[in-house]
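Notes for the one structure printed next.
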2 protein chains.
Amino acid sequence: MSTKSIKSKNDFSTEEKIKNAARIVFHKKGFAATRTRDISEESGINLALLNYYFRSKENLFNIIMLESLQGFFQSMSSAFNDETSSLENKIEILVNNYIDLLIENPDIPIFILSELRTNPKELISKIDIKKVLLKSYFFKQFQSYVKAGKITPIHPMHIMMNLAGMIVFPFIMSPGLKEIGGIKQDEFNKLMLQRKAMIPKWIQAIIKVK
Amino acid sequence: MSTKSIKSKNDFSTEEKIKNAARIVFHKKGFAATRTRDISEESGINLALLNYYFRSKENLFNIIMLESLQGFFQSMSSAFNDETSSLENKIEILVNNYIDLLIENPDIPIFILSELRTNPKELISKIDIKKVLLKSYFFKQFQSYVKAGKITPIHPMHIMMNLAGMIVFPFIMSPGLKEIGGIKQDEFNKLMLQRKAMIPKWIQAIIKVK
DNA sequence: AAACAATTTAATCATTTGATTAAAAATGAA
DNA sequence: TTCATTTTTAATCAAATGATTAAATTGTTT
């Protein structure tokens with residue numbers, strides 16, 4: 001009891017230092033390519049401390065991954081499950097939230113997706129994505145718009161893919177864009193800010209295509 | 001001289017076996033997560049043969065990566081640099097080619113993109129992407145369409161991102177879709193075939209948005 | 001068949017890497 | 001201060017992994 005409280009006084013600093021370093025390195029290189037020594041160097045702490053605080057590389061990774069998943073999907077969940085907003089409004093909010101999030105954390109998508117390829121089951125089990133996506137109010141609303149003849153009847157997954165593709169994909173290909181097109185970071189961000197306004201309009205145009 | 005010809009008689013089979021196995025494993029797990037032993041098991045050959053034929057894991061990886069890059073970008077290059085086709089036509093051809101390619105090789109995008117994040121410079125230098133993309137006839141044609149007032153004046157990179165996002169991103173998130181939505185492989189492919197027809201229309205709608 | 005070259009195998013190395021341990025240092029309580 | 005607990009360090013371990021070597025096998029040429 002007193003152990004815990006005493007521990008946390010100074011632990012917090014070191015534990016957080018390790019986690020922050022782990023987040024940076026894992027996000028940049030993925031699980032397999034990061035060595036525990038990379039994390040210890042990045043954080044400036046002794047290698048043994050990593051195991052002292054987190055027991056194992058894998059355990060530390062799982063913590064970082066869980067936080068990353070939550071951070072990434074909570075925006076989606078809140079935007080998709082708001083029952084007071086229109087479909088158009090949900091999309092605007094989603095696009096806005098995500099582009100802001102991704103400008104701050106551009107490495108999250110490729111991090112999640114490349115780990116997803118290795119162990120999809122374990123990753124998916126960490127978060128209740130069905131609730132976020134398939135059972136979301138967004139999906140129900142989409143179906144009712146279709147029935148009302150407001151939008152073209154297609155599988156709502158197409159819209160999800162288009163939204164995700166238009167929002168997320170640029171960040172995934174950005175290392176390439178910078179290298180190829182000589183696009184600088186601020187130039188890239190400027191394009192992304194343009195997209196905040198444009199993607200909702202594009203989606204509106206798409207769902208009216210016959 | 002005779003060495004070479006004699007060698008290649010039986011080498012071909014083994015060398016190809018190793019390369020094919022390497023392609024499968026590298027595409028699935030990436031460079032850092034694949035062990036040379038994985039490749040030897042996948043191919044059924046002795047571990048030492050990998051080094052006998054390819055000198056090192058890294059060298060073998062570079063060969064696979066180069067072929068993957070070429071396979072991936074040659075479709076784009078040929079579609080984009082055809083001076084006889086209209087912009088609309090180029091997009092149709094591109095979408096068709098790529099969705100077919102990706103249904104056959106769904107792991108290529110995440111493979112390329114996740115390696116791209118680690119060493120963008122080395123990867124980009126392997127292929128002259130500027131010629132394929134920025135200096136392509138597609139880009140010039142796009143600009144002339146803008147000048148003629150046929151389409152809304154935006155940075156052509158937005159169209160590139162939308163195209164890439166709508167075509168490629170679904171394949172990157174497909175492990176997740178299958179796990180979450182219970183979408184089976186053939187169901188997924190069916191959706192992708194639908195997209196072959198729809199993406200060109202969607203892009204047309206997008207470039208007319210004001 | 002004999003000789004030579006190419007291919008394959010089994011055993012082993014050397015390095016990397018995740019993890020542990022024992023001791024030292026720092027911190028807080030009495 | 002003194003003692004106990006927590007935190008940190010340096011050294012080391014054990015397993016994994018990329019690579020090599022020497023010997024065995026197979027195939028080709030004469």
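The analysis underlying the following values was restricted to heavy atoms, covering all of them including side chains, and did not include hydrogens, waters or symmetry mates.
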Report summary line: Under a 4.0 Å heavy-atom criterion, the protein footprint on nucleotides 15-20 of chain C, written with B, S and -, is --BBBB
Query raised in the report: Is the charged tip of A:K57 near the ring of A:F31: under 6.0 Å from the six-membered ring centre and within 45° of its axis?
Result: yes
Round to the nearest Å and state the distance from [X] atom [atom1] to [N] atom [atom2].
| X | N | atom1 | atom2 | result |
| --- | --- | --- | --- | --- |
| B:N59 | D:dG18 | CG | P | 15 Å |
| A:L49 | D:dT7 | CG | C1' | 7 Å |
| B:F61 | D:dA19 | CZ | P | 14 Å |
| A:I45 | D:dT8 | CD1 | C1' | 10 Å |

**Report entry** B:F61/B:F26 aromatic ring centres below 6.0 Å
**Finding:** yes
Query - A:T14 side-chain N/O to D:dT7 phosphate OP1/OP2 under 4.0 Å - result: no
**Report entry** Test item: A:K126 side-chain N/O and A:Q70 main-chain N/O as donor-acceptor pair under 3.5 Å
**Finding:**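 Such a contact is absent between A:K126 side chain and A:Q70 backbone.
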Report task. Give a yes or no answer on whether the side chain of A:N89 reaches the backbone of A:S85 with a donor-acceptor pair at less than 3.5 Å. Result ->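 Not a single qualifying donor-acceptor pair exists.
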**Report entry** Stepwise side-chain contact (heavy atoms from CB on, under 4.5 Å) check, B:M160 with B:F139
**Finding:** CA-CA 10 Å; B:M160 294 299 315; B:F139 258 59; 3.6 Å; yes
Determine all donor-acceptor pairs shorter than 3.5 Å in which one atom belongs to a side chain in residues 101-110 of chain A; sequence neighbours excluded.
unit_1, atom_1, unit_2, atom_2, d
A:N105, ND2, A:L101, O, 3.1

